[in-house]
Q: 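Pasting a structure here, questions to come.
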Amino acid sequence: MTFTKLILALACLMSGTLVAQEAKVTELMSKDLTSFPGKEGLMIAVEYPPGGKDPIHRHNAYGFIYVLEGSIVMQVKGGKETTLIAGQTFYEGPDDVHVVGRNASRNKPAKFVAFFVKDKGAPVLVPTK
């Protein structure tokens with residue numbers, strides 16, 4: 001392999017690594033909602049690295065988002081793209097497709113808390129096209 005090809009191969013690997021940065025998700029709490037049979041509440045913390053983003057997905061749940069730090073961009077299909085800063089909120093319904101979810105900054109992380117009301121045992125995120 002020539003030196004030029006080696007450099008190109010390394011550059012491709014490095015750029016793929018930078019693009020593939022995923023959000024860090026931490027479950028904070030899960031609780032059966034006994035007054036609503038078959039439903040549970042789930043609270044998670046999400047940290048987007050600089051430039052981090054989500055794939056297109058849905059939650060099949062009622063989702064309430066509160067931004068803790070930084071700035072995030074959110075959009076559901078048919079809605080407008082919204083940039084949120086610390087202290088602002090966002091809502092997703094069970095039929096919404098989340099088409100944009102990303103850190104608004106390429107330099108700083110962003111953190112938010114999401115609370116979902118969903119079917120007990122159902123996945124919190126379902127990839128969608």
Side-chain angles (χ1 to χ4, degrees):
M1 180 180 270
T2 68
F3 182 73
T4 305
K5 286 183 181 176
L6 177 63
I7 295 298
L8 285 173
L10 287 173
C12 288
L13 287 173
M14 287 174 54
S15 66
T17 300
L18 292 174
V19 171
Q21 291 188 23
E22 294 182 10
K24 176 184 173 189
V25 178
T26 304
E27 183 175 320
L28 302 174
M29 176 186 209
S30 178
K31 181 75 174 159
D32 287 351
L33 301 176
T34 55
S35 295
F36 303 96
K39 299 289 184 186
E40 66 182 344
L42 174 67
M43 187 182 303
I44 61 174
V46 179
E47 182 174 349
Y48 284 140
K53 65 180 185 175
D54 290 331
I56 296 173
H57 64 276
R58 62 183 305 126
H59 295 287
N60 298 334
Y62 298 91
F64 303 86
I65 289 82
Y66 180 80
V67 182
L68 298 170
E69 178 181 312
S71 182
I72 62 174
V73 181
M74 297 283 173
Q75 180 183 10
V76 294
K77 190 174 187 175
K80 71 176 203 159
E81 190 173 285
T82 304
T83 301
L84 306 163
I85 60 172
Q88 292 185 313
T89 60
F90 187 77
Y91 170 77
E92 293 179 57
D95 297 322
D96 287 331
V97 175
H98 196 148
V99 293
V100 176
R102 65 177 167 84
N103 188 337
S105 173
R106 295 203 169 275
N107 304 321
K108 298 177 184 175
K111 296 178 185 177
F112 62 93
V113 170
F115 173 73
F116 297 100
V117 175
K118 64 183 201 62
D119 290 340
K120 185 176 176 175
V124 70
L125 185 142
V126 179
T128 307
K129 298 239 176 202

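Remember, it's a predicted structure, so these values are computed and weren't measured experimentally. Starting from 1, each residue takes its place in the sequence as its number.
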Q: Could you report the tightest heavy-atom contact between Pro109 and Pro50, atom names first, then the distance?
A: N-CG, 4.0 Å
Q: Can you find a pair of side-chain heavy atoms, one from Ile56 and one from Lys129, that are under 4.5 Å apart?
A: no
Q: Should Leu68 and Val113 be marked as a side chain to side chain contact (heavy atoms under 4.5 Å, CB included) after you check the CA-CA gap, both sets of side-chain angles, and the distance that decides it?
A: CA-CA 7 Å; Leu68 298 170; Val113 170; 3.5 Å; yes
Q: Roughly how far, to the nearest 0.5 Å, is CG of Leu28 from CZ of Phe115?
A: 11.5 Å
Q: Under 4.5 Å between side-chain heavy atoms, counting indirect links through other Ile/Leu/Val/Met/Phe/Trp/Tyr residues: same cluster for Ile72 and Val99 or not?
A: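 The answer is no; the residues belong to distinct hydrophobic clusters.
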Q: Tell me the closest heavy-atom pair linking Gln75 and Phe90, and the distance in Å.
A: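 The pair with the smallest heavy-atom distance is N-CZ, 4.1 Å.
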Q: Would you call Asp119 and Lys39 a side-chain contact if the rule is heavy atoms closer than 4.5 Å?
A: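 Asp119 vs Lys39: side chains touch.
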Q: Give a yes or no on whether a salt bridge exists between Asp54 and Arg102, defined as a side-chain N under 4.0 angstrom from a carboxylate O.
A: no
Q: Counting distance only, does the side-chain N/O of His98 pair as donor-acceptor with the main-chain N or O of Val100 below 3.5 Å?
A: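 It does hold such a pair.
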Q: Which atom pair, heavy atoms only, marks the closest approach of Pro49 to Asn103?
A: O-ND2, 3.1 Å
Q: Would you say Val126 ends up clustered with Val124 if hydrophobic residues are merged whenever their side chains have heavy atoms under 4.5 Å apart, either directly or through other cluster members?
A: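 No, Val124 does not connect to Val126 through the hydrophobic network.
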Q: Is the side chain of Ser71 donor-acceptor paired with the backbone N or O of Leu84 at a distance under 3.5 Å, no angle test?
A: yes
Q: Hey, mind stepping through Lys53 and Tyr48 against side chain to side chain contact (heavy atoms under 4.5 Å, CB included) and telling me if it holds?
A: CA-CA 7 Å; Lys53 65 180 185 175; Tyr48 284 140; 5.7 Å; no
Q: Kindly give the heavy-atom pair with the smallest separation between Ser30 and Glu27, and that separation in Å.
A: CB-OE2, 3.4 Å
Q: Ignoring hydrogens and geometry, is there a side-chain-to-backbone donor-acceptor pair from Asp32 to Glu40 under 3.5 Å?
A: no
Q: In terms of hydrophobic clusters joined by side-chain contacts under 4.5 Å, are Met29 and Tyr62 together?
A: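 In one cluster: yes.
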Q: Looking at Thr82 and Lys80, would you say the former's side chain and the latter's main chain have a donor-acceptor pair under 3.5 Å?
A: yes
Q: Could you check whether Lys77 pairs with Glu92 (Lys NZ or Arg NE/NH1/NH2 to Asp/Glu carboxylate O, under 4.0 Å)?
A: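 The answer is no: the pair does not qualify as a salt bridge.
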Q: Any chance you could measure Thr83, atom OG1, to Gln88, atom CD, to the nearest 0.5 Å?
A: 9.0 Å
Q: Please report the C-alpha distance between Lys118 and Asn60 in whole Å, then the side-chain angles of each, then the deciding distance to 0.1 Å, and finally whether the side chain to side chain contact (heavy atoms under 4.5 Å, CB included) criterion is met.
A: CA-CA 7 Å; Lys118 64 183 201 62; Asn60 298 334; over 6 Å; no
Q: Applying a strict under-4.5 Å side-chain criterion to I, L, V, M, F, W and Y, I'd like to know whether Leu42 and Leu33 cluster together.
A: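 No; tracing contacts between hydrophobic side chains, which count when under 4.5 Å, never links both residues.
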Q: Determine whether the aromatic ring centres of Tyr91 and Phe64 lie less than 6.0 Å apart.
A: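 When the ring centroids of Tyr91 and Phe64 are compared, they turn out to be within the sub-6.0 Å range.
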Q: I need the His57 NE2 to Asp96 CG distance, nearest 0.5 Å.
A: 10.5 Å
Q: Nearest 0.5 angstrom please: His59 NE2 to Asp95 CG, how far?
A: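 So the NE2 of His59 and the CG of Asp95 are separated by 13.0 Å.
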Q: Do Tyr66 and Val25 belong together in a cluster built from hydrophobic side chains that touch within less than 4.5 Å?
A: no
